[in-house]
Amino acid sequence: MSTTVQAQGAEGRKAQPDHLGHVIFITAAAAMGGFLFGYDSSVINGAVEAIRGKYDIGSAALAQVVAIALIGSAIGAATAGRIADRIGRIRVMQIAAALFTISAVGSALPFSLWDLAFWRVLGGVGIGMASVIGPAYIAEVAPPAYRGRLASFQQAAIVVGIAISQLVNWGILNLADGDQRGQIAGLEAWQWMLGVMVIPAVLYGLLSFAIPESPRFLISAGRTAQAKQVLEEVEGKTVDLDVRVAEIDQAMRSEEKSTFKDLLGGRFGLLPIVWIGIGLSVFQQLVGINVAFYYSSTLWQSVGVDPSSSFFYSFTTSIINILGTVIAMIFVDRVGRKPLALIGSVGMAVSLGLVAWAFSAHLVDGKLPHAEGVLALIAAHAFVLFFALSWGVVVWVLLGEMFPNKIRAAALGVAASAQWIANWAITASFPSLSDWNLSGTYIMYTAFALLSIPFILKWVPETKGKALEEMG
């Protein structure tokens with residue numbers, strides 16, 4: 001690229017959009033996929049005990065029904081990028097919305113346990129697609145001067161989706177007089193919980209028709225005139241559109257298509273930096289964070305909390321999750337990635353240890369003693385707060401920054417796959433582990449939080465303030 005094009009491109013990167021509100025609308029519409037990601041991931045929390053009772057299944061089978069959506073998520077995440085390169089980002093959003101809608105209807109009206117599992121896999125594919133295409137689209141459409149702030153919409157939408165799903169579940173449970181299998185208009189309460197997702201799914205699909213295709217895809221497809229229209233729409237009329245198109249085209253041509261072979265090397269098969277990425281992904285899940293979103297209602301009911309209160313505590317946990325995410329977004333560039341991760345690890349280890357101690361108390365009439373019950377609630381909320389303000393955001397920031405350009409795409413794919421696998425392992429194992437020993441299960445999560453501290457100190461690089469080109 002010539003010096004003139006680079007200089008003009010730099011000016012374009014500083015340009016301000018004429019209608020920032022419209023750009024925010026486009027970003028928010030794309031981030032609806034993140035909302036559905038969070039909603040669908042967490043909504044099952046309200047149906048777990050009802051599904052156990054309706055189909056008379058044990059903990060192992062129940063865990064597979066809950067966790068099986070993650071298999072679909074892995075498939076969706078692995079295929080979304082290639083499909084989007086062929087048919088466009090908007091079309092992938094529409095496919096994801098259709099899968100979400102079908103999954104919601106099927107999950108609400110299952111004939112048996114096995115077709116319920118199928119609908120959850122289908123919804124999981126939609127989750128995986130949304131988890132990949134939302135951030136990619138936002139990065140490609142957002143004006144460069146606003147990219148960082150607009151990219152945070154996806155994570156914010158996920159945690160809001162989790163919170164709204166818990167609030168809706170709590171409202172439905174109250175309509176059913178606190179009975180997850182209570183009848184509301186001919187359906188059981190848990191069926192309504194899963195079926196309500198039709199509303200945001202349809203909204204996501206409708207919004208996808210109201211936003212433009214990514215300029216990057218349009219240029220790759222030879223539709224340059226349309227790409228210029230979109231660029232003018234999102235970056236402003238002062239931008240030299242010919243230069244911006246040339247800049248994007250040059251960037252795409254110079255990109256290296258990394259493969260799994262590029263990741264090989266080192267003493268243990270993969271390059272050390274790839275193992276660090278895998279470690280970050282795995283530790284993020286092995287502390288048991290998704291137990292708080294998939295099973296929190298069941299968890300509280302198992303120690304004597306009534307269903308209505310357990311659903312309310314699930315909602316308050318989600319609000320804490322939002323608060324922690326906002327804190328992380330404020331401080332991740334100020335404090336740095338490693339210090340924030342260390343603060344989170346120490347906080348998680350302490351709070352998980354307190355939860356484990358509280359759950360070790362003998363139940364009295366099926367309930368924890370008052371002091372241990374209060375401590376368990378406070379410590380469980382503290383755990384979610386420390387996770388959200390650190391590992392919940394920091395891991396994704398590090399994974400996006402720490403790999404050399406040559407291997408970034410392939411390394412990210414491996415790290416993300418490791419995260420889905422670890423997520424599945426924790427989600428599928430919790431019901432059986434909690435039947436064995438609830439306190440022991442939380443001791444295990446505490447141990448992983450403690451092990452993450454030396455891992456961060458010894459191996460994780462600090463990427464704050466470094467250009468992506470500096471990563472080696």
Side-chain angles (χ1 to χ4, degrees), residues 25-44 68-110 115-142 151 153-155 157-158 161 165 194-223 226-227 230 409 412-413 416-417 419-420 423:
F25 168 77
I26 291 172
T27 305
M32 270 297 294
F35 178 91
L36 283 170
F37 181 179
Y39 195 102
D40 188 74
S41 297
S42 184
V43 72
I44 191 67
I68 199 167
L70 299 170
I71 304 299
S73 297
I75 295 169
T79 57
R82 291 182 182 180
I83 296 173
D85 285 340
R86 293 188 177 186
I87 65 175
R89 282 58 167 155
I90 299 298
R91 288 287 177 265
V92 172
M93 290 183 197
Q94 290 163 355
I95 291 170
L99 292 175
F100 274 127
T101 303
I102 295 167
S103 171
V105 174
S107 298
L109 304 169
D115 77 293
L116 173 60
F118 171 76
W119 300 124
R120 285 196 45 74
V121 171
L122 203 64
V125 175
I127 286 179
M129 286 185 159
S131 71
V132 169
I133 204 62
Y137 175 86
I138 292 169
E140 292 175 0
V141 172
F153 275 44
Q154 176 79 1
Q155 180 63 22
I158 291 171
S165 74
L194 299 182
V196 164
M197 197 180 70
V198 165
I199 297 171
V202 170
L203 180 60
Y204 180 42
L206 292 175
L207 286 171
S208 70
F209 287 98
I211 58 178
E213 182 55 88
S214 156
R216 187 183 176 95
F217 171 74
L218 292 171
I219 292 169
S220 71
R223 293 152 62 182
Q226 286 177 264
V230 177
L412 259 171
S417 297
Q419 191 168 114
W420 285 118
N423 188 342

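Please read these numbers as outputs of a predicted model, since none were measured by experiment.
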Would you call [X] and [Y] a side-chain contact if the rule is heavy atoms closer than 4.5 Å?
X	Y	answer
S220	D85	no
V92	Y137	no
Y204	T101	no
Y39	V196	yes
M32	M93	no
L194	I44	yes
T27	V141	no
S131	W420	yes

Ignoring hydrogens, what is the shortest heavy-atom contact between [X] and [Y]? Give both atom names and the distance.
X	Y	answer
G195	A108	CA-CB, 3.6 Å
A97	A201	CB-O, 3.7 Å
A227	P215	CB-O, 3.9 Å
F100	A130	CE1-CB, 4.2 Å
V132	P135	O-CD, 3.5 Å
A84	I133	CB-CD1, 3.4 Å

Please list, chain by chain and in numerical order, all residues satisfying side chain to side chain contact (heavy atoms under 4.5 Å, CB included) with [X], sequence neighbours excluded.
X	result
L206	V202
R91	I87, Q94
A31	I138, F153, Q154, A157

Show me the side-chain donor-acceptor pairs of residues 68-79 shorter than 3.5 Å, one per line, residues at least two apart or across chains.
{"from": "S73", "atom 1": "OG", "to": "A69", "atom 2": "O", "distance (Å)": "3.1"}
{"from": "S73", "atom 1": "OG", "to": "G124", "atom 2": "O", "distance (Å)": "3.2"}
{"from": "T79", "atom 1": "OG1", "to": "I75", "atom 2": "O", "distance (Å)": "2.9"}
{"from": "T79", "atom 1": "OG1", "to": "G76", "atom 2": "O", "distance (Å)": "3.4"}

Taking only residues two or more places apart in sequence, or in another chain, which ones meet D40 in a side chain to side chain donor-acceptor pair (under 3.5 Å)?
->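 For D40, no residue satisfies side chain to side chain donor-acceptor pair (under 3.5 Å) once neighbours in sequence are set aside.
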*Test side chain to side chain donor-acceptor pair (under 3.5 Å) applied to S214 - qualifying residues, sequence neighbours left out*: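 By the side chain to side chain donor-acceptor pair (under 3.5 Å) rule, S214 matches E140.
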Does A104 offer a backbone N or O that forms a donor-acceptor pair with the side chain of S107 under 3.5 Å?
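A pair under 3.5 Å: no.
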- [ ] Among residues two or more places apart or on two chains, list those pairs meeting side chain to side chain donor-acceptor pair (under 3.5 Å) that have a residue in residues 116-126.
- [x]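 Passing the test, one end in residues 116-126: D115-W119.
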Could you state the interatomic distance from CG (L122) to CG (L99), rounded to the nearest 0.5 Å?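 Between atom CG of L122 and atom CG of L99 there are 5.0 Å.
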